[in-house]
Amino acid sequence: MRAVYAVPDGTSARIAAQSSLPAFPLGEVLTGDAIDAIVASIYAVAGTARRIHDDIDAADPTTADLLHTILERLEQTRLADRRRAPHARRLGAGGRPGLSPRQIG
C-alpha cells in the first residue's frame, strides 16, 4: 500500500459500517435461527464475490484467483447447507413438533 500512498483501514468499526451482511440477531438465539443467520451471511458473501469477480479479474488476476478459491469453498458450504436436515420443526403446544414461523408464512 505504500507504493500508492494509501493506509488500509481494516478496523472492525470500519468493516461493520461498510458490510452488506445481514445483522446477526441480538440476545439468545435458537440454534436453528443461528444457523439461518450464518447461512444468510454465507449467501451474501458468495453473492458479493460473484458480483465483484470480473472487476477484480480485470485489475488483478492473481487476486481474482484467490477470490475464486474462496468462492469455491463458500459454494461447498452452501451445498452442505442444502443437505442438512431441516431444523424448522420446533416444539409447539404441548411439546409436540410444530411449524416454524417461516413454514407458516
**Study point:** All side chain to side chain contact (heavy atoms under 4.5 Å, CB included) counterparts of Ser19, not counting sequence neighbours
**Key:**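 Side chain to side chain contact (heavy atoms under 4.5 Å, CB included) check on Ser19 returns Leu21.
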
Practice item. Treating Ile, Leu, Val, Met, Phe, Trp and Tyr as nodes and any side-chain heavy-atom pair under 4.5 angstrom as an edge, say whether Phe24 and Val45 lie in one connected cluster. Key: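 Same cluster.
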
**Study point:** Residue pair His53 / Ala64: nearest heavy atoms and the distance that separates them
**Key:**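 Reported closest heavy-atom pair: NE2-O, 3.6 Å.
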
Exercise for review: Might you point out which heavy atoms bring Ala49 and Leu71 nearest each other, and give the distance in Å?
Suggested key: CB-CD1, 3.9 Å

Review point. When rounded to the nearest 0.5 angstrom, what distance separates CD in Gln76 from CZ in Arg73?
Key: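 These two atoms lie 5.0 Å from each other.
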
Review point. What's the spacing between Ile38 CD1 and Asp33 CG if we round to 0.5 Å?
Key: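 Separation between the atoms: 11.0 Å.
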
**Study point:** Residue pairs passing the side-chain hydrogen bond (donor to acceptor under 3.5 Å, both in side chains) test where at least one lies in residues 59-68, sequence neighbours excluded
**Key:** Asp60-Thr63, His68-Glu72

Under 3.5 Å, which donor-acceptor pairs link side chains of residues 8-18 to any protein atom two or more places apart or in another chain?
from  : atom 1 : to    : atom 2 : distance (Å)
Asp9  : OD1    : Thr11 : N      : 3.2
Asp9  : OD1    : Thr11 : OG1    : 2.9
Thr11 : OG1    : Arg14 : N      : 3.4

Point to revise | Whichever hydrophobic residues join Leu67 through chains of side-chain contacts under 4.5 Å | key: Ile52, Ile56

